[in-house]
4 protein chains.
Amino acid sequence: MEKKWRTAITQHIGHETYIRGYRLLDLVGNLTFAQAIYLILKGELPNEKESKMMEAIFVSVIDHGIAPPSAIAARAVASGGNSLNVGVAAGVLAFGSAHGGALEDAMRFIQEGVASQKPVQDIVKEYLESKKPIPGYGHRYYKDFDPRTKRLMDIAKELGFYDKHCQFAQEVEEEIARQKGKRLVLNVDGAIAAVVSEMGFDWRLGKGFFIIGRVPGLVAHVYEELTMEKPFSKRLDEEKETEYIGVPPRELPPEFRKL
Amino acid sequence: MEKKWRTAITQHIGHETYIRGYRLLDLVGNLTFAQAIYLILKGELPNEKESKMMEAIFVSVIDHGIAPPSAIAARAVASGGNSLNVGVAAGVLAFGSAHGGALEDAMRFIQEGVASQKPVQDIVKEYLESKKPIPGYGHRYYKDFDPRTKRLMDIAKELGFYDKHCQFAQEVEEEIARQKGKRLVLNVDGAIAAVVSEMGFDWRLGKGFFIIGRVPGLVAHVYEELTMEKPFSKRLDEEKETEYIGVPPRELPPEFRKL
Amino acid sequence: MEKKWRTAITQHIGHETYIRGYRLLDLVGNLTFAQAIYLILKGELPNEKESKMMEAIFVSVIDHGIAPPSAIAARAVASGGNSLNVGVAAGVLAFGSAHGGALEDAMRFIQEGVASQKPVQDIVKEYLESKKPIPGYGHRYYKDFDPRTKRLMDIAKELGFYDKHCQFAQEVEEEIARQKGKRLVLNVDGAIAAVVSEMGFDWRLGKGFFIIGRVPGLVAHVYEELTMEKPFSKRLDEEKETEYIGVPPRELPPEFRKL
Amino acid sequence: MEKKWRTAITQHIGHETYIRGYRLLDLVGNLTFAQAIYLILKGELPNEKESKMMEAIFVSVIDHGIAPPSAIAARAVASGGNSLNVGVAAGVLAFGSAHGGALEDAMRFIQEGVASQKPVQDIVKEYLESKKPIPGYGHRYYKDFDPRTKRLMDIAKELGFYDKHCQFAQEVEEEIARQKGKRLVLNVDGAIAAVVSEMGFDWRLGKGFFIIGRVPGLVAHVYEELTMEKPFSKRLDEEKETEYIGVPPRELPPEFRKL
């Protein structure tokens with residue numbers, strides 16, 4: 001009978017653990033963490049170049065300060081008097097479609113774009129006409145180029161990952177500029193999306209790269225909150241920083257008064 | 001063989017659902033929500049007075065505005081581009097030992113205090129000497145009495161729930177004033193703790209009353225966030241509202257430079 | 001300057017809390033929990049009939065046993081050694097598009113269907129031709145009618161909530177039977193969706209009714225887990241109940257061996 | 001005025017991000033992921049040996065199959081119809097005191113034990129007499145030695161991290177055997193605890209090593225669930241695998257019947 005809980009990730013034989021077929025104890029001390037992550041996600045060991053690219057990608061998203069929704073949520077939850085894992089989980093929850101989701105969307109756009117073999121010109125035209133934002137393009141500050149994209153693309157080129165997905169991503173950037181008369185830079189989400197697509201990862205796994213890369217940042221934030229701040233710390237001054245925009249005080253109608 | 005998943009809450013017989021032995025469809029239309037909650041938590045139906053007390057308790061904690069950690073976490077997570085349930089769950093996560101936990105702690109204090117049959121005088125003395133805060137006592141603004149406590153205690157008296165646990169709770173308040181020369185009011189957590197202890201609920205369930213009562217407030221906040229605010233809304237102005245207190249910029253040592 | 005944290009739900013004036021304009025302490029003892037929930041979600045007090053309908057709806061979803069993903073997740077997380085709130089939050093997380101989401105989808109279908117004024121015949125035809133499932137219809141066991149739907153619809157009729165949304169929902173059921181030659185019953189998600197649409201609630205709030213109604217069930221499950229079962233209880237017998245379907249054991253290539 | 005949101009982790013200057021003082025873009029391509037994690041947690045760059053030790057530790061906990069509470073919770077939540085991040089967060093929630101918490105407890109035990117300068121004999125005696133379990137010792141299968149501990153300790157010795165914390169941990173193992181007449185092996189939690197203590201990490205951060213190391217495994221599990229299994233998949237056969245141990249069916253008393 002087929003079992004209801006099936007997995008292709010990890011197997012126990014006797015008291016030994018095997019990850020994707022490799023004895024875990026052989027991996028310990030022999031693989032870097034990023035190599036082991038590549039193995040567990042992809043099912044195969046990375047070569048030297050894939051290893052280096054993985055390291056670079058995870059490092060590039062490790063933290064972005066205290067202001068993003070994930071850091072706020074993680075620290076607010078920790079502040080309620082919870083353990084490290086609970087605060088970190090709240091941060092991971094914040095990685096929705098507007099916070100990390102762009103990476104997944106951009107991977108899908110690039111992978112479907114390349115697979116379609118349609119002219120880049122037509123793809124961009126369709127998006128611009130429908131006024132949908134193209135995932136992975138545009139940045140609040142960077143109008144010329146995104147320095148993080150440049151860094152990752154330079155590394156991708158050096159390591160031999162600059163092929164049809166990266167090319168497609170940069171052609172789209174040029175084509176937007178041509179059709180729109182204004183540059184929307186390939187941003188860091190788009191750059192990572194292009195590179196991991198080149199490495200053969202499925203777009204449905206997209207958010208995973210962001211989650212894995214950012215969790216250490218969340219651990220640092222929650223640890224800092226727990227050791228540096230008081231519980232239930234007042235981060236929001238209700239009088240000065242919040243605004244009530246609802247109905248003014250009113251009387252409870254007499255038919256409701258029982259006590 | 002004993003099954004690994006056991007429960008005394010709900011049973012399915014044929015296609016019918018039974019909650020604590022009662023057919024669910026008989027409960028629908030016949031019980032108020034608070035009565036059904038009492039049933040599922042306690043295992044038995046409430047009488048008229050228990051029903052009224054339950055309603056009052058849940059209503060008393062339904063919301064406390066946008067500033068507590070739970071509302072901040074819930075709205076930050078929703079703002080990351082997530083569904084209603086994800087934002088609400090983040091809010092529930094915030095209900096740690098410093099946010100709702102006082103209710104559990106106060107229930108334990110009152111139940112163990114009453115069961116011990118020790119003189120209130122000794123119990124208070126022990127706490128004051130050890131400088132541990134007594135859970136359920138003290139309030140930032142209310143120095144004389146907490147109006148929410150008064151309201152709940154008035155209702156408890158009218159409904160016949162003012163017995164040894166409520167008495168104990170109020171004797172402790174008086175005893176603290178006597179020994180300390182300063183009043184620490186029985187706050188709303190302490191008041192609810194006393195009343196639900198009177199009703200026979202186990203302190204380990206304490207946070208549950210707060211969770212159930214506050215979830216509707218969290219639903220309202222997350223719905224408001226999702227329909228009124230933009231995703232990834234900038235709630236924290238990094239330049240003006242945050243402060244970096246770490247090491248200043250420094251150079252990466254040359255031995256790390258590879259690319 | 002416009003404040004960044006805005007809300008129309010709750011206001012504090014002095015040390016008093018106002019919910020949707022009403023003094024919280026006036027609500028305590030005068031409103032049932034379901035009435036207060038209606039107020040906080042809708043912004044206005046319910047009348048007698050709306051109150052009764054609310055009570056019935058929340059009771060109807062209060063629990064569904066230990067087998068749904070939400071109960072499994074809640075109990076597994078509790079079993080890891082966590083507080084009540086953490087287990088409950090994990091349960092709420094499980095309420096995704098396949099678990100509670102049908103209520104939201106069905107509300108949207110009914111509200112857009114009624115608003116469109118298109119003939120029911122055309123609406124059903126479109127769905128059946130596109131082979132999309134119609135949200136709120138169909139059930140694994142109930143082939144003739146869903147007894148929970150009957151119960152809720154009977155109550156809705158008695159309380160005067162059987163108007164165009166409920167009619168639309170039941171016409172769709174008949175029309176499916178006509179066009180398909182086979183009945184797909186209006187299930188309990190569809191029935192609740194019809195009734196709360198009749199009451200004027202926005203479909204974006206749909207999952208909220210399910211969350212609020214089911215949280216007490218989750219509290220009961222997590223409390224039961226914490227008091228009745230051992231931590232890290234082995235619910236899954238790896239040898240008997242799980243199946244490894246990945247690659248067989250293999251050797252780590254020599255170029256990876258460092259230690 | 002002191003700001004309410006303070007951090008020593010990450011700073012933005014112009015449009016550049018600095019992690020613990022180092023320009024993020026300099027870290028990308030130059031640091032391995034584990035080195036960047038060390039930096040963000042500790043505040044300083046690791047040397048070559050610290051880097052290798054970090055890699056080994058994270059790899060050692062990367063996954064433990066589909067049966068632990070974290071994998072069950074993550075997959076159940078994903079199965080409810082949720083995004084990757086939501087399933088992963090549910091898994092992280094499961095890392096409570098009974099699942100990953102042993103690492104934190106063992107770090108505390110070792111750090112306080114070493115700092116106390118008390119004879120190991122006395123420390124063990126105290127625990128054994130009070131019948132408290134010593135965190136980090138004992139294993140269900142391994143009665144002689146834990147092969148994972150051996151592997152990590154061998155690496156620690158080779159890299160020069162076998163000093164007073166590791167010695168203390170192994171002396172405790174011997175002392176337990178002596179006093180108890182039965183060996184409780186230093187398990188993998190205890191081994192990691194000893195090594196990261198040697199590296200100077202605070203025990204309050206303990207669970208963080210487990211969280212960071214295991215999140216890639218959770219990502220793999222949730223991705224597998226989302227791509228390989230149907231939503232709301234029936235993992236628990238209610239009839240065969242669950243047991244109802246509550247009250248049998250009973251009639252709703254007539255005084256509750258309204259409709």
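Chain A is the first sequence line, chain B the second, and so forth, proteins listed ahead of strands; every chain is numbered from 1.
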Check whether C:M228 gets within reach of chain B through its side chain, its backbone, both or neither, counting any heavy atom under 4.5 Å.
both
Looking at every non-hydrogen atom in both residues, tell me the closest pair between B:P216 and C:F33 and how far apart they are.
CG-CZ, 3.8 Å
Flag the one option from C:I19, C:L27, C:I62 with the top tally of heavy-atom pairs under 4.5 Å to chain B.
C:I62
Which heavy atom in B:I155 sits nearest to a heavy atom in C:G29, and how many Å separate them?
CD1-CA, 3.7 Å
Mind ranking B:I57, B:L39, B:I72 by heavy-atom pairs under 4.5 Å with chain C and telling me who comes out on top?
B:I72
Closest approach of C:L205 to B:V219 (non-hydrogen atoms, all atoms of both residues)
CD1-CG1, 3.8 Å
Steps toward side-chain contact (heavy atoms from CB on, under 4.5 Å) verdict (B:F95, C:V88)
CA-CA 11 Å; B:F95 298 149; C:V88 172; over 6 Å; no
With a 4.5 angstrom heavy-atom cut-off, is it the side chain or the backbone of C:A71 that approaches chain B, or both, or neither?
neither
Below 4.5 Å from any heavy atom of chain C, which atoms of B:A8 appear? Answer side chain, backbone, both or neither.
both
Atom of B:L93, atom of C:A89 and distance for their closest heavy-atom approach
CD2-CB, 3.4 Å
Across chain C and chain B, what donor-acceptor pairs are shorter than 3.5 angstrom?
from   : atom 1 : to     : atom 2 : distance (Å)
C:K4   : O      : B:R235 : NE     : 2.8
C:K4   : NZ     : B:E241 : OE2    : 2.5
C:R6   : NH2    : B:E229 : OE2    : 3.4
C:T7   : OG1    : B:E224 : OE1    : 2.7
C:T7   : OG1    : B:E224 : OE2    : 3.4
C:A8   : N      : B:E224 : OE2    : 2.7
C:T10  : OG1    : B:D63  : OD2    : 2.6
C:H15  : O      : B:Y142 : OH     : 2.6
C:L25  : O      : B:R151 : NE     : 2.9
C:V28  : O      : B:R151 : NE     : 3.0
C:V28  : O      : B:R151 : NH2    : 2.6
C:F33  : N      : B:E55  : OE1    : 2.7
C:E55  : OE1    : B:F33  : N      : 2.7
C:D63  : OD2    : B:T10  : OG1    : 2.6
C:N85  : OD1    : B:K207 : NZ     : 3.0
C:N85  : ND2    : B:V92  : O      : 3.3
C:N85  : ND2    : B:L93  : O      : 3.0
C:N85  : ND2    : B:F95  : O      : 2.9
C:V92  : O      : B:N85  : ND2    : 3.3
C:L93  : O      : B:N85  : ND2    : 3.0
C:F95  : O      : B:N85  : ND2    : 3.0
C:Y142 : OH     : B:H15  : O      : 2.6
C:R151 : NE     : B:L25  : O      : 2.9
C:R151 : NE     : B:V28  : O      : 3.0
C:R151 : NH2    : B:V28  : O      : 2.7
C:D202 : OD2    : B:Y223 : OH     : 2.6
C:K207 : NZ     : B:N85  : OD1    : 3.0
C:Y223 : OH     : B:D202 : OD2    : 2.6
C:E224 : OE1    : B:T7   : OG1    : 2.7
C:E224 : OE2    : B:T7   : OG1    : 3.4
C:E224 : OE2    : B:A8   : N      : 2.7
C:E229 : OE2    : B:R6   : NH2    : 3.4
C:R235 : NE     : B:K4   : O      : 2.8
C:E241 : OE2    : B:K4   : NZ     : 2.5

Look up atom CG in C:L84 and atom CZ in B:F209, then write down how far apart they are to the nearest 0.5 Å.
10.5 Å
